[in-house]
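Bear in mind that the values here come from a model prediction, so they are computed numbers and not experimental data. A note on names: the letters A, B, ... follow the listed sequences, proteins ahead of strands, and every chain is numbered from 1.
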Protein chains: 2
Amino acid sequence: MDAIKSCFTTYGFAPIETPSFENSDTLMGKYGEEGDRLIFKILNSGDFLRKVDDALYTAKDSGKMTPKISEKALRYDLTVPFARYVVQHQNEITFPFKRYQIQPVWRADRPQKGRFREFFQCDADVVGSKSLWQEVELVQLYDAVFTKLNLNGVTIKMNNRKILSGIAEVIGAEDKLIDFTVALDKLDKIGEEGVKKEMREKEISEEAITKVQPLFEMTGTAKEQLDAIAALLASSQTGMQGVEELNFIVENVAALGLETAQLAIDVTLARGLNYYTGAIFEVSAPEGVSMGSIGGGGRYDDLTGIFGMKDVSGVGISFGLDRIYLVLEELNLFPETASANTKVLFINFGEKESLYALKAIKRLRAAGINAELYPDKAKMGKQMGYADKRDIKFSVLAGDNEIAAETFTLKNMKSGEQDVVDFKTLLIKLQ
Amino acid sequence: MDAIKSCFTTYGFAPIETPSFENSDTLMGKYGEEGDRLIFKILNSGDFLRKVDDALYTAKDSGKMTPKISEKALRYDLTVPFARYVVQHQNEITFPFKRYQIQPVWRADRPQKGRFREFFQCDADVVGSKSLWQEVELVQLYDAVFTKLNLNGVTIKMNNRKILSGIAEVIGAEDKLIDFTVALDKLDKIGEEGVKKEMREKEISEEAITKVQPLFEMTGTAKEQLDAIAALLASSQTGMQGVEELNFIVENVAALGLETAQLAIDVTLARGLNYYTGAIFEVSAPEGVSMGSIGGGGRYDDLTGIFGMKDVSGVGISFGLDRIYLVLEELNLFPETASANTKVLFINFGEKESLYALKAIKRLRAAGINAELYPDKAKMGKQMGYADKRDIKFSVLAGDNEIAAETFTLKNMKSGEQDVVDFKTLLIKLQ
């Protein structure tokens, strides 16, 4: 999180946090029926049943009772609270507004492996500008974060909603845009034949399916793929606009250069189609790591419309923290220094020795070294066992001899090596 | 929070986080009747009314209905979840267990100035050792944190529950220990006469009140005060043990030295008497700042008893984050560098100029400088206005001339001064 935050900051994004609670009204109806069911509701305080009228009470209907006994709910994602925040603070906010938010969200799902009732989301958005430079910068930002995390070789896939609309238009399936893109989006999972089968089931014509054949055969560089798509979409104004937008992004990202990520075009990418209106992003882990997407986002032209504030265009990306964590762990990329573990344990030999130890510990801590005194004069084995279990790398033994000579016996817990050193050497060795 | 966390780490405390939800059983009954009322309850998911039997339902009693329709609740503090955590993980935890926790808690209070329904608590505890070195280290830790925050001159006040018991014993008011200490604890607020009045109301004898007179007249160093208390408590074994414990702490803290805080004895300090069994801490803001305590804590001998795990002694301190924030703000102690604000805005003159700008911005960000390009080619006044409102210190103008000469016009937004510089100079000036 610290790595991600520091990148956000250099890109000019400021942190915001919103309360865990939202009014139920704000959340309900925003995530579909399934979403409504998964929102955690807070029971009203006090004598909450008093306000329920008798007729409703007698019906004993949980669904109808809920809004009467619960006015607040826990946030389900960061997007809706952010939209609420923008509308509520529109007169104080300086647009374009660049914010990031890293907070827990709650969902009343059945907990299972990789699915929690409470988990963190991490979003960065810019609202109030239609400039495509934002998309360029968000690609750079993904690259900066994954480079900082030493996660080299991620692929940032991009598409554009207008290209999908253009394809549907060109093949004469505009009325089936959603069916069509939902099927196309599954190419990764069910393959070309699977996608075609699903299209047929959704009554997309054979002629249309033949026309989209080039989409299954995209190869070459991003530029080459965009040229191929342009040829397919020449007759669609919307489609060509999408191509142009992607071209702008691809060219400028290339001119600026990426550190470790690569940018790719993926015309099958649909993600949240009903929401995104322009660019669509998705990040996949480096090859060889089997993990779904570790990030995604896109441009939306109506974030705040649900709250009555029209024409606020925005573009944002999110980071899949849980999955990024798993990938870093799998690739053994967590630096040892990331651990906030204690580096050295001073063995407790009694009162006088403890004071001697704490005087040294105070100086070590001032130099930023994580150091501890074992609190009790316990048996040596117990104290060493504590250092072992806590995975503390060094111990220091200082008894009468050391105190008299103003030295310390420093023991490497792994190799067992011991050295008698003065404080200066102790400090250097621990640094 | 970062300052506090880094001190915790050098002292060997490891972070833990517990879920926002606890089973209602775990929380209810732990904070008194008022606390039970202030705990936020989560409505069960699905058809929650189905499980309520008809007899209970017909009664329409909110209090009796609550446990039937709500199994989970939001944490009310960090202590009870920590105790639950220790009991649940007792076989995996290496004792003594040093943990810190900084997380929000929720209380169904009426919101008002300085009182929120959601706020952060910040605790550091060591459990599993009775060593008084912990108390010594916690005093040092308070000193380290407030020194790091540049909040010089805080007073760490200490007392000991055994001293309070000893006083009650000596004056023959053992049965009135709580009334007696509650009254004494108010000395700051209601003065000596107020305390005596309250003691009389609680039927504490005139003889007893005369005996405690020395408590109102404590002066001198911590050592001198402890000597005076020892004289008063000579006949109480418990009291003398308390004096001895405080003596140990005071002497060793003096031997180790504090950076900016001072340690004081305050025998009127009671805080959560029913909970603490040994040392009691309270931190007050520097003189001249009118603010209640900004931290407190103490030793408790039975943290986990409520969950059936006996004899786990612990000692902990907490930091009053909201109040510390207010004090730092009042004293203007937030360093400017703490702000994660953007340092330089590049003015957008069009496509070619933007690419030139973003190439420089990329290098500035790599050097850790927070930099932004205004996303749209808007009127100069609008772009400058954005920099102003966002309190961005510098702007960069780079048009045809600058691009041709590979330079940048750097403008100080406050003074209005402008300089034409090359990239190297730009970087140095912004650093």
Side-chain angles (χ1 to χ4, degrees), chain A residues 9-12 14-15 19-21 37 40-43 45-50 57 60-62 65-66 69-70 94 96 98 104 106 108 117-118 126 129-131 133-134 136-137 140 144 252 255-256 340-342 348 354-355 358-359 362 365 368-373 375-376 386 389-390, chain B residues 9-12 14-15 19-21 37 40-43 45-50 57 60-62 65-66 69-70 94 96 98 104 106 108 117-118 126 129-131 133-134 136-137 140 144 252 255-256 340-342 348 354-355 358-359 362 365 368-373 375-376 386 389-390:
Chain A
T9 302
T10 58
Y11 275 73
S20 301
F21 297 177
R37 221 173 42 74
F40 275 114
K41 288 104 190 165
I42 310 282
L43 195 57
S45 300
D47 186 4
F48 56 87
L49 290 178
R50 221 180 39 159
Y57 192 75
K60 207 178 175 183
D61 179 325
S62 296
M65 186 80 95
T66 302
I69 62 175
S70 162
T94 307
K98 302 173 82 167
W106 293 267
R117 286 188 165 164
E118 176 175 16
V126 193
S129 160
K130 294 188 173 174
S131 165
W133 288 111
Q134 309 291 8
V136 172
E137 289 207 77
Q140 289 187 292
N252 283 297
L256 290 162
N341 199 10
T342 293
N348 188 324
S354 291
L355 184 60
L358 277 175
K359 283 180 178 172
K362 186 183 173 186
R365 286 172 177 163
I369 292 164
N370 305 340
E372 276 181 60
L373 167 71
D376 299 286
Y386 172 84
K389 279 188 207 146
R390 291 266 323 264
Chain B
T9 302
T10 57
Y11 275 74
S20 301
F21 298 177
R37 221 174 42 74
F40 275 113
K41 288 103 189 167
I42 311 280
L43 194 58
S45 302
D47 186 5
F48 56 87
L49 290 178
R50 221 180 38 162
Y57 193 74
K60 207 179 172 183
D61 178 326
S62 297
M65 185 79 96
T66 302
I69 62 175
S70 163
T94 308
K98 301 172 83 165
W106 293 268
R117 285 187 166 165
E118 176 174 15
V126 194
S129 160
K130 294 187 175 176
S131 165
W133 288 110
Q134 308 290 8
V136 172
E137 289 207 77
Q140 288 187 291
N252 282 297
L256 290 163
N341 199 10
T342 293
N348 188 324
S354 291
L355 184 59
L358 278 175
K359 283 180 179 172
K362 187 183 173 185
R365 286 172 177 162
I369 292 164
N370 305 341
E372 273 181 63
L373 167 71
D376 300 286
Y386 172 83
K389 278 186 208 148
R390 292 264 324 264

Worksheet entry | Most contacts with chain A, counted as non-hydrogen pairs under 4.5 angstrom, among B:R37, B:E137, B:R117 | B:E137
Worksheet item: Is the B:Y57 ring parallel, tilted or perpendicular to the A:Y57 ring (thresholds 30°, 60°)?
Response: parallel
Worksheet item: Tell me, side chain or backbone of B:I369 under 4.5 Å from chain A's heavy atoms, or both, or neither?
Response: backbone
Worksheet item: Given side chains that start at C-beta, do those of A:N348 and B:W133 come closer than 4.5 Å, heavy atoms only?
Response: yes
Item to complete: Mind checking side chain to side chain contact (heavy atoms under 4.5 Å, CB included) for A:P19 and listing every partner two or more places apart, or none if nothing turns up?
Response: A:R84, B:E118
Fill in: Contact check, side chains of A:I69 and B:I69, non-hydrogen atoms, under 4.5 Å
yes
Worksheet item: What are the two closest non-hydrogen atoms of A:I42 and B:I42, and how far apart are they?
Response: CD1-CD1, 3.9 Å
Worksheet item: Looking at A:S20, A:S70, A:G368, A:P15, which makes the most heavy-atom pairs under 4.5 Å with chain B?
Response: A:S20
Discussion item. Which one wins on heavy-atom pair count under 4.5 Å against chain B: A:Y11, A:F48, A:F21?
Written reply: A:Y11
Worksheet item: For B:A14, is it the side chain, the backbone, both, or neither that has a heavy atom closer than 4.5 Å to a heavy atom of chain A?
Response: neither
Worksheet item: Any side-chain heavy atom of B:L355 sitting closer than 4.5 Å to one from A:L256?
Response: yes
Response to the item:
Taken to the nearest 0.5 Å, the spacing of B:Q134 CD from A:D376 CG works out to 7.5 Å
Discussion item. I'd like to know which of A:P104, A:A108, A:P96, A:A255 tops the heavy-atom pair count under 4.5 Å against chain B.
Written reply: A:P96
Discussion item. How close do A:R365 and B:T10 get, counting heavy atoms only, and between which atoms?
Written reply: NE-O, 3.1 Å
Worksheet item: At their closest point, which heavy atom of A:R390 faces which heavy atom of B:G12, and how far apart are they?
Response: NH2-O, 3.6 Å
Practice prompt. Heavy-atom distances under 4.5 Å only: say whether B:S45 touches chain A with side chain, backbone, both or neither.
Written response: side chain
Item to complete: Examine whether an atom of A:T9 lies under 4.5 Å from a heavy atom of chain B, and if so say whether it belongs to the side chain, the backbone or both; otherwise answer neither.
Response: both
Worksheet, complete the sentence: The interface call for B:K359 against chain A, heavy-atom contacts under 4.5 Å, is both
Worksheet item: Which heavy-atom pair separates B:L49 from A:K60 by the least distance, and what is that distance?
Response: O-CE, 3.3 Å
Worksheet item: With a 4.5 angstrom heavy-atom cut-off, which part of A:K130 approaches chain B: side chain, backbone, both or neither?
Response: backbone
Worksheet item: Non-hydrogen atoms of chain B under 4.5 Å away: do they reach the side chain of A:K362, the backbone, both or neither?
Response: side chain
